[in-house]
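Atoms considered below: every heavy atom in the structure, side chains included; atoms not considered: hydrogens, waters and symmetry mates.
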Amino acid sequence: MKRGRRCKLFVCEEIIINILNRLPLKSLAKFKCISKNWRKYIAEIYRRRFQWPEPYLLGFFCLEKRSQSCFFYSSKESPLVIGSSLDESVNFIGEKVYIVASSNGFLLCNKLRSRQRVYYVYNPATRQRLDVPKTPISMDDPYIGFTCKVDEDHGIVSFTIVRYVISEHYQSSITIESFSSEINVWTDYKLIVDVPHALYPSLDGTSLSSAGVVDGIFFWLNYTLITIYDSVNKCFWALELPENLFFYYPRSCCLGLSGGELCFASNRWTTTITCWRLNNFPSRDNAKWVIKYVINVATVIKKYPKYFGVGDGIAKVQNMVFHPALPHILYLQIKGKVISYDVKTHKTEIVYDFGVAWRKTKCYKLFSYEWPQWPRLL
């Protein structure tokens, strides 16, 4: 070899992962600083060896005012902390991003909240974007459902988007607009509304954690009810909230999946948070709410007098989000800070401080980001 020339050796990702997977944890800890990609590979090896629950909650994307977004980790002690690469992942095109929903490590976004007919799916791990065809129907502030599935055997990613809008409290029918990436076409269905109670239009201030999907069944929180769309049987119906609750302040409660269970938590200007789980969901006739646990908010914030002072905890919870895999962990946004609370161990941790006056953070929205097994391509 001539002097001054260097030989570059290319090793494919699969071989690198195979080699790293054979090393002890002590050696892996030393190799984290090699590159950002190696950090991701090693983080996944850690997750597998310690058998952390799936989906593994890496952190949250937060949508602030004027479509500004940021990212923070679900725990400061998380062994999957991989540097600051995700902090800038929503600014990959140098534009403001309005996050609509999240699923299985992917985000559903549009550029501006006003452009509610133009969506795209974004993968923060690879910074890859896939544009969705413009919706044929115009809807103002629609309820939106988003689910992303991964075929691990073939490495194929597919996703489904569902939209509908409530224009009247009592309407006999509803139009469901649905998009499937498998056929790349929007379709719409006009369904009979089997709901005896009043329905309410979507409000942008409602917590985005109050929606989800399981086995093709989409659900949304609608004040006194949970509206449900069965995409398999093409039907639309509703379930009542536990104890006939009615909430006036959208962020005083949350609805979502945690550990495979459909859960609902409510604060309602009191010093306690009550959490229920819905047994036998999605059965229409046998579904039953059961209380899981009760959290004393005052006890939680008294552990941090430096941040919250001495108070009773009334009406200070700005947002709540369930841990997607661990039903005993709930994330609370209180006075501009996000706290992780473990009901089993009573352990609390301030995982993020927005660093601004808490009144400016009352409309922030949190989207859970689940760590993918390996970076997946759309």
Side-chain angles (χ1 to χ4, degrees), residues 55 99-110 116-117 119 121 132 135-137 139-150 157-167 171 173-183 185-195 197 199-204 206-241 250 253-264 277-278 280-285 287 289 321-322 324 365 367-368 370:
I99 304 175
V100 179
S102 64
S103 174
N104 203 15
F106 292 86
L107 302 177
L108 178 65
C109 313
N110 56 18
Q116 297 179 0
R117 298 180 64 184
Y119 300 94
V121 177
V132 176
T135 65
I137 301 176
M139 296 183 180
D140 293 330
D141 287 330
Y143 287 93
I144 300 176
F146 173 62
T147 180
C148 198
K149 297 181 180 179
V150 180
V157 177
S158 61
F159 59 89
T160 302
I161 305 170
V162 169
R163 316 190 324 149
Y164 78 94
V165 67
I166 298 295
S167 56
Q171 53 190 75
S173 64
I174 193 170
T175 299
I176 298 287
E177 194 174 29
S178 177
F179 176 84
S180 172
S181 62
E182 296 179 352
I183 59 176
V185 172
W186 285 94
T187 55
D188 59 89
Y189 307 92
K190 192 169 184 178
L191 305 176
I192 301 298
V193 176
D194 188 11
V195 179
H197 302 282
L199 296 176
Y200 293 83
S202 172
L203 293 177
D204 190 54
T206 303
S207 173
L208 268 295
S209 63
S210 297
V213 57
V214 54
D215 296 332
I217 297 179
F218 296 78
F219 57 86
W220 299 268
L221 188 59
N222 189 289
Y223 286 84
T224 59
L225 302 169
I226 301 173
T227 52
I228 300 168
Y229 169 60
D230 187 338
S231 63
V232 178
N233 298 313
K234 300 295 185 297
C235 58
F236 185 90
W237 47 290
L239 287 173
E240 292 185 350
L241 294 178
C253 61
C254 70
L255 174 74
L257 292 172
S258 184
E261 300 175 342
L262 180 59
C263 302
F264 175 79
R277 73 168 181 268
L278 185 60
N280 303 319
F281 180 77
S283 172
R284 300 181 62 173
D285 300 323
W289 290 105
V321 182
F322 291 109
K365 303 175 184 178
F367 299 84
S368 60
E370 301 160 7

Chemist: Taking side-chain hydrogen bond (donor to acceptor under 3.5 Å, both in side chains) as the test, write out the residues that go with S102, two or more places apart.
Modeler: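 Result, side-chain hydrogen bond (donor to acceptor under 3.5 Å, both in side chains) vs S102: none returned.
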
Chemist: Give me the ring orientation class for W186 and Y119: parallel if the planes are under 30° apart, tilted from 30 to 60°, perpendicular past 60°.
Modeler: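 Taking Y119 first and then W186, their aromatic rings sit tilted (interplane angle of 30° to 60°).
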
Chemist: Would you sort out whether S180 and V185 count as a side-chain contact (heavy atoms from CB on, under 4.5 Å), showing the intermediate values?
Modeler: CA-CA 6 Å; S180 172; V185 172; over 6 Å; no

Chemist: Which pair of heavy atoms, one from I137 and one from R117, lies closest together, and at what distance?
Modeler: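 In terms of heavy atoms, the two residues are closest at O-NE, 3.8 Å.
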
Chemist: Verify, without hydrogens or angle tests, whether S158 (side chain) and E182 (backbone) share a donor-acceptor contact under 3.5 angstrom.
Modeler: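 Answer holds: no.
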
Chemist: Partners of Y229 by side-chain hydrogen bond (donor to acceptor under 3.5 Å, both in side chains), sequence neighbours excluded?
Modeler: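 Residues passing side-chain hydrogen bond (donor to acceptor under 3.5 Å, both in side chains) with Y229: none at all.
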
Chemist: Taking all non-hydrogen atoms of both residues into account, name the closest pair between V165 and D140 and its distance.
Modeler: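 Reported closest heavy-atom pair: CG2-O, 3.3 Å.
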
Chemist: Show, in sequence, the C-alpha distance, side-chain angles and deciding distance for W220 and S210, and conclude whether the side-chain contact (heavy atoms from CB on, under 4.5 Å) test is met.
Modeler: CA-CA 6 Å; W220 299 268; S210 297; over 6 Å; no

Chemist: If the test is side-chain contact (heavy atoms from CB on, under 4.5 Å), which one of I161, T147, I144, T227 qualifies with F218?
Modeler: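 Answer to the side-chain contact (heavy atoms from CB on, under 4.5 Å) test with F218 among I161, T147, I144, T227: T147.
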
Chemist: Are the aromatic ring centres of Y164 and F236 under 6.0 angstrom apart?
Modeler: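 Distance test on ring centres: under 6.0 Å, yes.
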
Chemist: I'd like to check the side-chain hydrogen bond (donor to acceptor under 3.5 Å, both in side chains) partners of N233; sequence neighbours left out, ordered by chain and number.
Modeler: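 N233: side-chain hydrogen bond (donor to acceptor under 3.5 Å, both in side chains) contacts with D230.
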
Chemist: For residues F322 and C254, report the shortest heavy-atom separation together with the two atoms involved.
Modeler: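 For F322 and C254, the tightest heavy-atom pair comes out as CE1-SG, 3.3 Å.
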
Chemist: What heavy-atom pair brings T135 and E177 nearest, and what distance separates the two atoms?
Modeler: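 Reported closest heavy-atom pair: CB-OE2, 3.7 Å.
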
